[in-house]
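Read the structure below first, then the notes.
The analysis underlying the following values was restricted to heavy atoms, covering all of them including side chains, and did not include hydrogens, waters or symmetry mates. Each chain gets a letter, A, B and so on, in the order its sequence line appears, and its residues count up from 1.
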2 protein chains.
Amino acid sequence: MSGGVEWALHCCTLLSRASQPVPAVKLAEYHDVSPSYLAKQLQLMSRAGLVRSTQGNAGGYVLTRDAAAITVLDVVEAIDGVLPAFRCTEVRQRGPLATPAEQCADPCAIAKVMDSADRAWRDSLRAVTIADLVADADRQILPGAVERARAWLAS
Amino acid sequence: MSGGVEWALHCCTLLSRASQPVPAVKLAEYHDVSPSYLAKQLQLMSRAGLVRSTQGNAGGYVLTRDAAAITVLDVVEAIDGVLPAFRCTEVRQRGPLATPAEQCADPCAIAKVMDSADRAWRDSLRAVTIADLVADADRQILPGAVERARAWLAS
DNA sequence: GCTGCAATACTCGGATACCCGGTGTCCGAGTCTAACTGG
DNA sequence: CCAGTTAGACTCGGACACCGGGTATCCGAGTATTGCAGC
């Protein structure tokens, strides 16, 4: 999985706290990551419709909908794409004893298993929203940290 | 996911039908794939203890245990490794408002979600064995195909 | 004092290099078979 | 006819190139602000 997924998720949690557009440079500085590369991830999220960008002065990124309406899977698919990790190459139709094509209407057993596992993975990611991540994080961090983060974003 | 996983799984199903060692070249010819590259996958499975290799004439690969005792996950982990796809880089400990390290004993919310999804994926793959794959395949293929495969392996 | 305009600075978006891990290949080490020779 | 030896061929195992996708970066397009000039 692409490393940018982690950055994108952290950005979403931070954007959910902010009430004003946050520029990519600020997001990168907050997380101490490469601004140029983070811009690419934000761009991907913008294409996927998760965030909305406003240009010009005082511009930046905002979530397009409530954090409770954005799942972790949405972010993962925005960055890494929606294609499953496993792609069946129909090995059974090759070789000296190849199965005839008309016998291969249904996906082969291996593809079925992989597809099932992929669905389980996606279901697991779909069950958690950005709001859940924020709530979990709030339970761990020190008191007052959220206010300090808001103040830093405003500066 | 590595493309060799599919080849490895097909080889396991074929090896479960064979009652004698099958050389890598024959496995590659049967599936019409690169013999050199397939050798690498078989080598990985040998290291993982899924197959046993015998050298010399009439040598080849054999499953080390019954097909019902080998899960799809075993094969996937043998080829792709056991490391999870997501690796937390502890972004929360970086930047101007970094969370102090002593506050980070527990994994962050993002890591927890990813770990949970990874576990769901692995559980799904662990629930299916090579024997299940063979049984499913037998239900679809034409009658007599298994016997023909055995005969081809023996030739 | 108010309004319209233009210059400015700031922001995003896509196009462009770089590099590492998977992909693909090869040759040498090891071993089982089998034929041959000697008793 | 049998046993030991040796030659042979076959097999695996690890080391070596190649290439595409993720990683990282930069500069141009676009826009809201803001300062200024004219009315």
Without swapping roles, check the side chain of D80(B) against the backbone of S2(B) for a donor-acceptor pair under 3.5 Å.
yes
Less than 4.5 Å apart, any side-chain heavy atom of V62(B) and any of V51(B)?
no
Would you say the side chain of C88(B) lies within less than 4.5 Å of the side chain of C108(B), judging by non-hydrogen atoms?
yes
Between [Y] and [X], is the closest basic N to carboxylate O distance under 4.0 Å?
X       : Y       : result
K112(B) : D132(A) : no
E6(A)   : R87(B)  : no
D74(A)  : R65(A)  : yes
D115(B) : R119(B) : yes

Any chance you could pull the hydrophobic cluster mates of V146(B), using side-chain heavy atoms under 4.5 angstrom and chaining through other members?
I141(B)
Remaining members of the apolar cluster that contains L83(A), side-chain heavy atoms under 4.5 Å:
none
Between dG21(D) (C1') and D80(A) (CG): distance, integer Å:
12 Å
From CD of E6(A) across to P of dT23(D) the rounded distance in Å is 12 Å
Every protein N/O within reach of nucleotides 4-10 of chain D N/O, cut-off under 3.5 Å:
none

The first and last nucleotides of DNA chain C lying within contact of chain A, meaning any atom under 4.0 Å from one of its heavy atoms, run from dC10(C) to dG14(C)
Among residues 34-47 of chain B, which residues get a heavy atom nearer than 4.0 Å to DNA chain C?
S34(B), S36(B), Y37(B), K40(B)
What pairs meet the salt bridge (Lys or Arg N to Asp or Glu O under 4.0 Å) rule with one or both residues in residues 39-50 of chain B, with sequence neighbours excluded?
none
Distance below 4.0 Å between T54(A) side-chain N/O and dA32(D) OP1 or OP2
no
